[in-house]
Amino acid sequence: MTKQKILIVEDEKNIAEVLIAYSQQQGYSTEYFNTGNGVVSFVKNNQPDLILLDLMIPHIDGLTICKQVRSFSSIPIIMVTAKREELDRLQGLELGADDYICKPFSPKEVMARIKAVLRRLSQPKNNVVSYGEFELFKDDYVALVHGKSLALTAVEFKIFLLFISHVGRVFSREDIINSVYNHTVEISDRNIDNHIKNIRKKINDIKSDLNPITAVYGVGYKLNG
C-alpha cells in the first residue's frame with residue numbers, strides 16, 4: 001500500500017524535525033522545504049496528499065504559496081502560524097487553506113488535524129450532506145461553508161443537519177427539540193432560539209451576506225430553498 005505523502009514547509013529546523021518524525025511514525029512519507037522556493041513546482045510535479053505550510057517562511061511566504069497552489073490544485077493545506085491576529089487566520093482561510101494551527105503546538109495535535117482533514121476527503125458519499133455552499137460530515141460533526149469550518153457545537157450541528165436534510169421545510173421548536181434531544185432532557189423554546197442565533201452568527205462570521213435560516217412567524221424556522 002502506498003504511503004500518503006505529507007509536504008512539510010517549515011523554516012525552523014527543530015520544529016520541522018519533530019513534524020517529520022511524528023509524521024513518519026504515523027505511517028506517512030514526508031518531503032521537506034525550509035523556504036518557499038521550489039514548493040509550488042514540487043507540488044505540480046509530485047502531488048503530495050497534504051501540505052503542512054508555515055506562514056512566515058523565507059523568500060516566498062505561506063499565503064502566497066497557498067494562493068498559487070490553489071490556482072491549480074485542491075490538495076489539502078494546513079497553515080501553521082505564530083501570528084495569532086484574526087486577520088492572518090482569516091486571510092489564510094480565504095486563500096483556500098483547509099485548516100490552521102498556531103505555534104506553539106503539540107505535535108500530536110498536528111497529527112490529529114492531518115488525520116481529520118485527510119479523513120474528510122475520503123468520506124463515503126452517504127456520510128456527506130451538501131447544499132449550496134455548505135458541506136456537513138455526519139460522522140465527524142464537521143460543518144463547512146466555502147470550505148471553512150463553522151465550529152458548531154454537537155447540538156448546533158444536529159440542528160443544522162436537520163435543516164440541510166430538509167431544505168424548505170418549516171420546523172417548529174418542538175419539532176427541533178424532538179429531533180435533536182433525548183426526551184429526558186428539559187429544553188425550552190428559548191434554548192432553540194439561542195442555538196439558531198449561534199448558528200447564524202457563525203455563518204455570518206465567515207460570510208456576512210449569507211443568511212440561510214429564516215424564522216417563520218408563529219411557527220418556527222426553515223432553511224431557505
I need the minimum non-hydrogen distance between [X] and [Y], along with the two atoms involved.
X      : Y      : value
Ser23  : Met111 : OG-CE, 3.5 Å
Cys66  : Ala97  : SG-N, 3.8 Å
Leu19  : Val110 : CD2-CG1, 3.9 Å
Lys207 : Asp209 : NZ-OD1, 2.9 Å
Ser130 : Glu135 : OG-CG, 3.6 Å

Does [X] reach the main-chain N or O of [Y] with its side chain, forming a donor-acceptor pair under 3.5 Å?
X      : Y      : result
Lys138 : Val128 : no
Asp98  : Ile77  : yes
Asp11  : Asn34  : no
Asn178 : Asp175 : no
Arg113 : Tyr100 : yes
Gln25  : Tyr22  : no
Ser73  : Arg70  : no
Asn46  : Pro48  : no
Arg200 : Asn211 : no

Same cluster for [X] and [Y] if Ile/Leu/Val/Met/Phe/Trp/Tyr side chains link at under 4.5 Å?
X      : Y      : value
Val216 : Phe171 : no
Ile199 : Val170 : no
Ile176 : Val219 : no

[X]-[Y] side chain donor-acceptor pair, cut-off 3.5 Å:
X     : Y      : result
Thr30 : Gln24  : yes
Tyr28 : Asp49  : no
Gln26 : Lys115 : yes

Measuring only between side-chain heavy atoms, which start at C-beta, is [X] closer than 4.5 Å to [Y]?
X      : Y      : answer
Asp140 : Arg119 : yes
Ile101 : Glu109 : yes
Leu52  : Val9   : no
Phe137 : Val129 : no
Phe160 : Ile196 : no
Ser29  : Ile6   : no
Gln47  : Ile75  : yes
Val142 : Leu144 : yes

Can you tell me if Glu174 has over 12 outside heavy atoms packed within less than 6.0 Å of its CD?
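Counting neighbours around CD of Glu174, 12 or fewer heavy atoms of other residues, nucleotides or ligands fall under 6.0 Å, so no.
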Starting at [atom1] of [X], measure out to [atom2] of [Y] and round the result to the nearest 0.5 Å.
X      : Y      : atom1 : atom2 : answer
Ile192 : Tyr221 : CD1   : OH    : 9.0 Å
Ser165 : Leu136 : OG    : CG    : 7.5 Å
Thr35  : Phe33  : OG1   : CZ    : 8.0 Å
Leu161 : Leu152 : CG    : CG    : 10.5 Å
Ile78  : Ile114 : CD1   : CD1   : 5.0 Å
Ile206 : Ser149 : CD1   : OG    : 7.0 Å

Does the ring of Phe163 carry Lys222 above it, NZ/CZ under 6.0 angstrom from centre and within 45° of its axis?
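The answer is no; the distance or angle limit is not met.
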Is there a salt bridge (Lys or Arg N to Asp or Glu O under 4.0 Å) between Glu10 and Lys103? Walk through the geometry before answering.
CA-CA 12 Å; Glu10 170 60 64; Lys103 298 177 182 178; 3.2 Å; yes
Worked check of side-chain contact (heavy atoms from CB on, under 4.5 Å) between Met79 and Leu63:
CA-CA 9 Å; Met79 301 291 291; Leu63 291 179; 3.8 Å; yes
Could you please spell out the steps behind the side-chain contact (heavy atoms from CB on, under 4.5 Å) verdict for Asp54 and Thr81?
CA-CA 6 Å; Asp54 188 41; Thr81 177; 5.5 Å; no
After noting the C-alpha distance and the side-chain angles of His59 and Ile57, does the key distance pass the side-chain contact (heavy atoms from CB on, under 4.5 Å) rule?
CA-CA 7 Å; His59 305 308; Ile57 49 177; over 6 Å; no
Assess whether a salt bridge exists between Lys197 and Asp193, defined as any Lys/Arg side-chain N lying under 4.0 Å from an Asp/Glu carboxylate O.
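Salt bridge absent between Lys197 and Asp193.
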Sequence neighbours left out, what passes salt bridge (Lys or Arg N to Asp or Glu O under 4.0 Å) with Lys158? Give chain and number order.
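By the salt bridge (Lys or Arg N to Asp or Glu O under 4.0 Å) rule, Lys158 matches no residue at all.
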Below 30° counts as parallel, above 60° as perpendicular, anything between as tilted: where do the rings of Phe157 and Tyr141 land?
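Tilted: the ring planes of Phe157 and Tyr141 meet at 30° to 60°.
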Quick one, Val43 with Leu7, criterion side-chain contact (heavy atoms from CB on, under 4.5 Å). Give me CA distance, side-chain angles, the key distance, then yes/no.
CA-CA 9 Å; Val43 173; Leu7 173 59; 3.7 Å; yes
